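As the structure is a computational prediction, the values presented were derived from the model and not from experiment. Chain letters run A, B, ... following the sequence lines, proteins first, then strands; residues in each count from 1.
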There are 2 protein chains.
Amino acid sequence: MDKETTIYDIAKELSISPTTVSRGLNDHPAVNKKTRQRIYEAATLMGYRSNTFASSLRKQRTNTIGVIVPMLNSNFQSSVLAGMERVANEAGYNLIISQSLETVQKEIANAKTMFDNRVDGLLVSIAYDTENVDHFEPFFSRGIPLLFYDRVPEHKKCTSIVIDNIQAAYKATAHLIEQGCRNLVHISGSLKVNLYQERLKGFKYALMDNNISFSDACVISTNLSVEAGISAAQQILQMDPMPDGIFVSNDTCAVSCLKTLSQAGISIPNDVAIVGFNNDPITRIVEPNLTSINYPGEEMGEMAVRSLINYLDGASDVAITNTITLRSELVVRASSTRKGEAS
Amino acid sequence: MDKETTIYDIAKELSISPTTVSRGLNDHPAVNKKTRQRIYEAATLMGYRSNTFASSLRKQRTNTIGVIVPMLNSNFQSSVLAGMERVANEAGYNLIISQSLETVQKEIANAKTMFDNRVDGLLVSIAYDTENVDHFEPFFSRGIPLLFYDRVPEHKKCTSIVIDNIQAAYKATAHLIEQGCRNLVHISGSLKVNLYQERLKGFKYALMDNNISFSDACVISTNLSVEAGISAAQQILQMDPMPDGIFVSNDTCAVSCLKTLSQAGISIPNDVAIVGFNNDPITRIVEPNLTSINYPGEEMGEMAVRSLINYLDGASDVAITNTITLRSELVVRASSTRKGEAS
DNA sequence: TTGTAAGCGTTATCAC
DNA sequence: GTGATAACGCTTACAA
């Protein structure tokens, strides 16, 4: 009950060589159909399971993909992971997952672990305070494919999967302007993160293109938490004149801001229209429902793994593809619709 | 740039034996401090990384824990995973994660993969339609520790981590009764799943203890989705007399039910009081805020990994502990508070 | 405190 | 089609 069955045991049982057993189990073409059949039967009968370590050791390939996420318990990240897992699993890869908890130190440690575990490739969404990618250097220099998604570094060496944040933010803002807003505020995440910088850019561009002046006073930089939404709302209530449109860089924060304003007697969307970002399920729960940018998490995960596997199979070269941009769209709901009804 | 550094290379470099290098790197006590220092330096300098496969192959231990979840993209499951990852990582274990997508077939495949990958231990929350645990037999018979959490099988051989669902449901129902409800309905998940059977039991017991009669008509069995909540609400609107209290087995469904009733002109909680289950973030977004059972996902994950590692270290025996029950509590909010205000 | 040598279970290479 | 043999890189008796 305790000793593992090896290909040697099967070989002995069938009076053939271990080599043939190995070939048989790996569907090598040059092996007699009958023999293969016998090998399979014996293997099942004897409770054989292939030893991945021996195999990895020999083949120098692990069939494992590493993933480093900032936080596991966010709706977006878990959708991404769901997509990754599905594709990876179909292709016979395992996923090793670790979280940086939004700190570089842990990200560095995670990267080292992944490296030591010899993942065939790595997928990373970087932490808030990651400012360079030196800790991924071992991957670069060894040619281990490394793909960044969602939160990607500036570093131009890196292949990235993103949405066009500038464009998405532009669309969101332009929509508010279309609805008649003229005095707009943007609630942003940390401007150290280029993701949020880009959304801010999109916001600015939309204002400019519509001849609305922009000043730094229009931007409230926060950590996008529930609390941040509340305090942003309080700031907004103090503004004179009060803005008539708000574009928030995530839904969690947008919802808490919306609720706080609403409780203060502000009518949404008539006094103030609001647009969020991510299209979390909560957009459909808050009243009025929140307009948002649909951010295709599962697809992003699927795409990330698929691209990585392409590199691994040599079907494409990491160096060539540089940025994959996924489509994102504005989902208009009641929180920003001034006339008539939205879906 | 391509060849990996091994302990042999380091040994040669320092003119000592590979054995000493191995010991040095593993902090073996019987090695000269000076030597260890030199080994560390050379290792860093030469870009050495330990080969986990060779090590696993030799040690017959992988430092890997497998996790099979039904669905990655649920708030509860990702909280659990976050807890698991943190504890596992601290203890030097890696997590291999796969999802069954709620089907036994995939669960069987996942179990096999985990087995073939020789995880040191396995954590499982079973799929909707899993009716027995035969596919985990290889783990049982090899003595590989296997822990079930949240959705656990009936099978008494298994160690499980759960909350007391009967008690939680009892508390939720009793609370509704305290608030003056006398005509109660329970919206349940599939009664094939014992989790939901237990919650139904708790519901029944609470009715019985308060001399309220129970009939099967009080139970609406659904898949607990958003849509299910809507159609359950429609059924409820047709009832005569309409119930005055609803206990729903998850928050997603409870919220959509609440909103549908509310839109139909029913006043919550005065006409109908509602209690959900899970304490998802959405409970604090819907108006009125939803009373719910707080289900400690992160703690459950932490506890699961911690117990597993205890078994692995031989600190405790799987056979002995049988069920770990975590505390859960009722969080009272406005959706069920008839007089005064709730937090 | 250090070294020798065997072995973990595969698979690649070469030979038949 | 099949087989012998040598790695892959590490750990651990056992020996010195």
Quiz item: For T6(B), which contact category applies under a 4.0 Å heavy-atom criterion: base, sugar-phosphate, or nothing?
Solution: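 Result for T6(B) = sugar-phosphate.
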
Go through the structure and list residues passing side chain to side chain donor-acceptor pair (under 3.5 Å) with [X], not counting sequence neighbours.
X      : answer
T5(A)  : none
N51(A) : none
R49(B) : E4(B)
S56(A) : none

Exercise. Hey, could you give me each pair passing salt bridge (charged side-chain N to carboxylate O under 4.0 Å, His left out) that has a residue in residues 83-97 of chain B? Not counting sequence neighbours.
Key: K106(A)-E85(B), R86(B)-E298(B), R86(B)-E302(B)

Quiz prompt | Pairs involving residues 60-75 of chain B, ordered by first then second residue, that meet salt bridge (charged side-chain N to carboxylate O under 4.0 Å, His left out) (sequence neighbours left out) | solution =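 Qualifying pairs: R61(B)-D313(B).
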
Quiz item: What pairs of residues pass the ring-ring contact (aromatic ring centres under 6.0 Å, His included) test when at least one of them lies in residues 56-114 of chain B, not counting sequence neighbours?
Solution: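 Of all non-adjacent pairs touching residues 56-114 of chain B, those that pass ring-ring contact (aromatic ring centres under 6.0 Å, His included) are F76(B)-Y295(B).
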
Self-check item: Bending between helix ends of the helix from dT1(C)-dA16(D) to dC16(C)-dG1(D) [5 pairs per end, 10° resolution]
Solution: 30°

Self-check item: Salt-bridge contact E102(A)-R151(A) (side-chain N to carboxylate O under 4.0 Å)
Solution: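 Yes, charged N to carboxylate O under 4.0 Å.
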
Self-check item: Contact under 4.0 Å: S55(B) side-chain N or O vs dT11(D) OP1/OP2
Solution: yes

Which pairs, protein N/O on one side and nucleotides 2-6 of chain D N/O on the other, fall under 3.5 Å?
| from | atom 1 | to | atom 2 | distance (Å) |
| --- | --- | --- | --- | --- |
| dT2(D) | OP1 | T35(A) | OG1 | 3.0 |
| dT2(D) | OP2 | N32(A) | N | 2.9 |
| dG3(D) | OP2 | S17(A) | N | 2.9 |
| dG3(D) | OP2 | S17(A) | OG | 3.3 |
| dG3(D) | OP2 | T20(A) | OG1 | 2.6 |
| dG3(D) | N7 | R23(A) | NH2 | 2.6 |
| dG3(D) | O6 | R23(A) | NH1 | 3.2 |
| dG3(D) | O6 | R23(A) | NH2 | 3.2 |
| dA4(D) | N7 | T19(A) | OG1 | 3.3 |
| dA4(D) | N6 | T19(A) | OG1 | 3.0 |

Quiz item: Taking CZ from R118(A) and C1' from dC8(D), how many angstroms apart are they, rounded to a whole number?
Solution: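 Going from CZ in R118(A) over to C1' in dC8(D) covers 10 Å.
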
Exercise. Using atom CD1 of I10(B) as one end and atom C1' of dG9(D) as the other, report the distance to the nearest whole Å.
Key: 12 Å

Practice problem: Please list, chain by chain and in numerical order, all residues satisfying salt bridge (Lys or Arg N to Asp or Glu O under 4.0 Å) with K112(B), sequence neighbours excluded. | Solution: D116(B)

Self-check item: Start and end of chain B contact along DNA chain C [non-hydrogen atoms, under 4.0 Å]
Solution: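 Nucleotide range in contact with chain B: dT1(C) to dG9(C).
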
Self-check item: side chain to side chain contact (heavy atoms under 4.5 Å, CB included) involving K192(A) - partner list, sequence neighbours excluded
Solution: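 By the side chain to side chain contact (heavy atoms under 4.5 Å, CB included) rule, K192(A) matches E131(A), S190(A).
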
